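Since the structure comes first, as C-alpha cells, the remarks are kept for the end.
Computed over heavy atoms, backbone and side chain alike; hydrogens, waters and symmetry mates excluded. Keep in mind it's a predicted model, so treat the numbers as computed, not measured.
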Amino acid sequence: ILCNFMWSLPLLRYTDVPPRVTENFILSGYRFPNYSLRQCLVSAFRPTNETGNFWTHFLPIFVFTFHFLEVFTWEGAPEPSNPFFYPFWNYFLGVLYLLLGSSLAHLLNSMSLIIREICFFVDYGTISAYTVGSSLTYYYYIHPQAGIPEIGFEGKNSTRRKSLNADEESWPSASSPTQVQLFFESLYIPSSCLIAIICVITCCNTRQCWRKYRYAVRTLVFLLPFFISSAPVFYRLLSPSASSPSSSSPHVFSTMATFFYRHCFWLVVSAIFNISKIPERFSPGNFDIWGHSHQWFHCCTFLSILDELQMIKVEMWALLLNPTLVLSSATPPRLPGPTLWSTYGVMVLLQGCIASIIAWFGWQAYQIYGPEQKKLKGH
C-alpha cells in the first residue's frame, strides 16, 4: 500500500519547489520537501532526481567492504584486532561514514528544509572524517619512518624489522632533524584534523554564503586536506630511497605510485563534474533522473577511494612481508606503534568537534527555515 502511495505522489518541476531545493540545470524529478521518513526510504526505489545519487554511494559500501576485508586473509597477517590494523580500521570507518552519510543525505533531504540542511552538514562532516582516516593510514603505513613495531606478531619470512641499513638511509639522522621530519612527527596529524574542521565550517557556510559559487568553493576547499594528508606520499614519490619497505622493491614502489596517480586522476575528474555540471548544463531536462553530473561525481570519487585503498594495501603488504630491513643504531627509530588513543582517540575527538559544528549550523538553519517550514506543512 505504501509503495502504491509513493508512486501516486507527484514529482515536481523546479518551479514548484522552494528555491533552496533546486539544483542547477535539473528541471524536474523533485520530491516535495515534506516527506515522512518511510516515504523517503521507499523513494529509493522510485526514479527521482536523487535516486541515482543515493545508489551511487550506497552500493559502493559493499564493494569497498569486500576489498577492505581481503587484507585479513593474507598469509602471515596478524589478527584483525591487532594494533597494527588500528589505522586501517579507522580508514574503513572514515570511508563508511562518507559513503553512508552521502547516500542518506540524498535519500532523506526531502523531509523538511531544516533536515535537508542538516543532512548536508553531516555529509560535509563525513568527508572530513574520511580525510583524517586517510591521514592515519598514511602516517602509519606510508610515513617515511613507517615500520612494524613490536606488536606481537611475525610476518611471513620475516625477522625483527626496525630500520634500513645506514648506507641506504635517506631520512635525516635523529641528531639533526629537519623541518620535514619535525612536521611528520609532530604536526602532520594535528594539521590534518585542523584543516578538516576548517573545511566543515567552510562547506556549511556555503549553504548560506557564496551560493552562486558553492560547488566550486566546496570542491576547492577540499584540495587543502588532500595535499596535507597526501604529504607522506608526495615525500615518498620525490624521495624514492626514503626509508620504507616498499622503497627497497622497485616493482612495489611503482605499483604504489601507479595507484596514487590513478587516485589523483579520479579526484580531478570528479572535481570537473562537480564544478562544470556536465552533461546537464548542455541539455537541461534530459539528465534530470539518470546521468547528471552529481552521479558521475559520486562514481569518480568512489573509484578514487578504491585506488587509494589499493595503494594503502601495497604499503601494508610491504611492511608485513619485506624481510630485508635490518637494525642499524645509526638511523632514527621507527614510529611508535599505533595505539587506541593515537587512532580511535583522534577520530572520536574529531567527530566530537564536527558534531558540535553541525549542531551550531543546524540551530542556525532552524532559525532561518523554521517559519518557512510551517508554511510548507500547510501546503
Side-chain angles (χ1 to χ4, degrees), residues 40 44 50 53-65 68 87-109 111 114-138 189 192-207 214-215 217-226 228-230 263 266-267 270-271 274 294-295 297-306 308-309 312 343-362 365:
C40 285
E50 292 283 25
N53 295 336
F54 168 75
W55 288 108
T56 49
H57 262 180
F58 185 74
L59 291 178
I61 292 175
F62 303 98
V63 179
F64 177 81
T65 301
F68 173 85
F88 198 47
W89 280 113
N90 277 270
Y91 175 68
F92 174 79
L93 291 175
V95 175
L96 179 63
Y97 293 158
L98 169 64
L99 298 177
L100 188 60
S102 174
S103 57
L104 290 181
H106 287 289
L107 186 63
L108 304 179
N109 65 50
M111 293 180 67
I114 299 170
I115 291 178
R116 177 183 178 85
E117 296 298 298
I118 294 174
C119 280
F120 289 112
F121 293 157
V122 172
D123 191 14
Y124 307 145
T126 61
I127 297 174
S128 290
Y130 155 70
T131 61
V132 173
S134 297
S135 297
L136 289 171
T137 56
Y138 290 0
I189 295 299
S192 297
C193 293
L194 178 61
I195 295 301
I197 291 171
I198 293 173
C199 287
V200 175
I201 295 173
T202 304
C203 287
C204 288
N205 267 317
T206 62
R207 307 293 301 178
R214 61 190 184 274
Y215 298 110
V217 172
R218 291 170 196 165
T219 302
L220 295 176
V221 79
F222 281 109
L223 283 177
L224 187 55
F226 165 76
I228 294 295
S229 65
S230 300
H263 168 65
W266 289 120
L267 285 178
S270 67
N274 198 37
H294 204 79
Q295 295 169 10
F297 165 71
H298 278 192
C299 293
C300 291
T301 53
F302 178 62
L303 289 174
S304 76
I305 290 173
L306 274 186
E308 179 186 46
L309 173 63
I312 294 169
T343 53
Y344 293 100
V346 169
M347 288 292 279
V348 169
L349 285 176
L350 177 72
Q351 294 297 334
C353 292
I354 291 176
S356 300
I357 294 169
I358 292 172
W360 167 254
F361 279 99

Legend entry - For the student: nearest non-hydrogen atoms of Ile357 and Val200, plus distance: CG2-CG1, 3.9 Å
Legend entry - Student check: side-chain heavy atoms of Val221 and Cys203 closer than 4.5 Å: yes
Legend entry - Shortest non-hydrogen separation from Ile114 to Ala365 and the atoms involved: CG1-O, 4.2 Å
Legend entry - Closest contact, heavy atoms only, Phe297 versus Ser270: CD1-O, 3.2 Å
Legend entry - Any donor-acceptor N/O pair, Thr65 side chain to Phe62 backbone, under 3.5 Å: no
Inset, instruction - Please test Ser192 against Thr131 for side-chain contact (heavy atoms from CB on, under 4.5 Å), starting from the C-alpha separation and ending with a verdict. - result: CA-CA 8 Å; Ser192 297; Thr131 61; over 6 Å; no
Inset, instruction - Please name the pair of heavy atoms, one in Gly101 and one in Asp123, separated by the smallest distance, quoted to 0.1 Å. - result: C-OD1, 4.3 Å
Inset, instruction - Using a 4.5 Å cut-off on heavy atoms from C-beta on, say whether the side chain of His57 contacts that of Thr301. - result: yes
Inset, instruction - Would you mind telling me which of Tyr344, Phe68, Tyr130 makes a ring pair (Phe, Tyr, Trp, His ring centres under 6.0 Å) with Phe92? - result: Phe68
Inset, instruction - Would you tell me whether Gln351 and Tyr97 have side-chain atoms, one donor and one acceptor, within less than 3.5 Å of each other? - result: no
Inset, instruction - Check whether any side-chain heavy atom of Leu100 lies under 4.5 Å from a side-chain heavy atom of Ser103, and answer yes or no. - result: yes
Legend entry - Leu223 side chain reached by Leu220 side chain, heavy atoms, under 4.5 Å: yes
Legend entry - Under 3.5 Å: donor-acceptor pair, side chain of Ser229, backbone of Phe226: yes
Inset, instruction - Please round to the nearest 0.5 Å and tell me the distance separating atom OG1 of Thr56 and atom CD of Gln295. - result: 6.0 Å
Legend entry - Value rounded to 0.5 Å, distance of CG in Leu98 from CG in Leu93: 12.5 Å
Legend entry - pair Ser230-Tyr138: side-chain heavy atoms closer than 4.5 Å: yes
Legend entry - Beyond-backbone contact of Cys199 with Ile195, side-chain heavy atoms, under 4.5 angstrom: yes
Inset, instruction - Ignoring hydrogens and angles, tell me if any N or O in the side chain of Trp55 forms a donor-acceptor pair with the backbone of Ala44 under 3.5 Å. - result: yes
Inset, instruction - Measure up the Phe361 and Phe121 rings against each other and bin them: parallel (under 30°), tilted (30 to 60°), perpendicular (over 60°). - result: tilted
Inset, instruction - State the CG-CD distance between Leu267 and Glu308, to the nearest 0.5 angstrom. - result: 8.0 Å
Inset, instruction - Given side-chain contact (heavy atoms from CB on, under 4.5 Å), test Val122 with Ile358 step by step and report yes or no. - result: CA-CA 7 Å; Val122 172; Ile358 292 172; 4.0 Å; yes
Legend entry - Closest heavy-atom pair and its distance - Ala196, Val132: CB-CG2, 3.8 Å
Legend entry - Approximate separation, where rounding is to 0.5 Å, of Ile305 CD1 and His263 NE2: 8.5 Å
Inset, instruction - Taking Asn205 for its side chain and Ile201 for its backbone only, find out whether a donor-acceptor pair lies under 3.5 Å. - result: yes
Inset, instruction - Would you give the length of the straight line joining atom CG of Leu108 to atom CZ of Arg116, rounded to the nearest 0.5 angstrom? - result: 12.0 Å
Legend entry - Heavy-atom closest contact (Leu350 atom, Cys193 atom, distance): CD1-O, 4.0 Å
Legend entry - Result of checking Phe120, Phe58, Phe54 against His106 for ring pair (Phe, Tyr, Trp, His ring centres under 6.0 Å): Phe120
Inset, instruction - Show the numbers, then the answer: is there a side-chain contact (heavy atoms from CB on, under 4.5 Å) between Arg207 and Arg218? - result: CA-CA 10 Å; Arg207 307 293 301 178; Arg218 291 170 196 165; 3.6 Å; yes
Inset, instruction - Test Trp89 against Thr343 for side-chain contact (heavy atoms from CB on, under 4.5 Å), laying out the working first. - result: CA-CA 9 Å; Trp89 280 113; Thr343 53; over 6 Å; no
Inset, instruction - State, yes or no, whether a side-chain contact exists between Ile354 and Ser128 at a heavy-atom distance under 4.5 Å. - result: yes
Legend entry - Distance (rounded to the nearest 0.5 Å) between Trp266 CH2 and Leu303 CG: 5.0 Å
Inset, instruction - For residues Met347 and Leu136, determine if any side-chain heavy atom of one lies less than 4.5 Å from a side-chain heavy atom of the other. - result: yes
